[in-house]
Amino acid sequence: MPPAPWLRWLTAAALAFALTTLTWVAIGVLTPGDSFSLHAAQLVALIAAPALGGWLGRRIAGRPARRAVVVAAALAAAFWLLARDGWWAKGPPSAPPAASP
């Protein structure tokens with residue numbers, strides 16, 4: 001028996017949230033320096049992640065897959081609740097040692 005329509009929509013929303021969070025973390029980790037500037041490809045990824053998550057989430061039918069989506073959404077929520085502001089910032093490069101005369 002296929003899942004109820006409300007369960008399919010809930011799974012789609014949860015997977016969209018999880019994929020968007022994963023994309024946000026990947027952009028933060030891969031962005032050099034302490035500026036979180038979005039480039040065109042990163043912006044496209046942030047737009048595509050929830051669309052892909054919603055599309056895939058509507059097609060998930062198995063109970064184990066739905067459980068995996070719930071775990072991924074819970075981990076994404078934990079990230080948003082526990083990550084400190086500026087987690088992506090990297091410090092300035094260290095200065096080379098001073099040459100002795």
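- Hydrophobic clustering (side-chain heavy atoms under 4.5 Å, transitive across Ile, Leu, Val, Met, Phe, Trp, Tyr) keeps Leu56 apart from Val44.
- Residues Ala12 and Gly54 share a closest heavy-atom pair of CB-O, 3.4 Å.
- The CD1 atom of Ile27 sits 10.0 Å away from the CG atom of Leu22 when rounded to the nearest 0.5 Å.
- For the residue pair Ala18 and Ala73, the shortest heavy atom distance occurs at CB-N, 4.1 Å.
- The local environment of CH2 in Trp6 is sparse, with at most 12 non-hydrogen atoms from other residues, nucleotides or ligands closer than 6.0 Å.
- A distance of 12.5 Å separates CH2 of Trp55 from CG of Leu19, quoted to the nearest 0.5 Å.
- Shown here for Phe17 and Ala76, the closest heavy-atom pair between the two residues is CE2-CB, 3.5 Å.
- Panel note: side chain Arg66, backbone Ala61; a donor-acceptor pair is recorded below 3.5 Å.
- What you find for Gly57 and Leu15 is that their closest heavy atoms are N-CD2, 3.6 Å.
- Under the 4.5 Å side-chain criterion, counting only non-hydrogen atoms from C-beta, Phe79 is not in contact with Leu75.
- In this structure, OG1 on Thr20 lies 9.5 Å from CG on Leu52, to the nearest 0.5 angstrom.
- Atom-to-atom distance recorded for Ile60:CD1 and Leu7:CG is 10.0 Å, nearest 0.5 angstrom.
- Checking side-chain atoms of Arg58 against main-chain N and O of Arg8 turns up no donor-acceptor pair under 3.5 Å.
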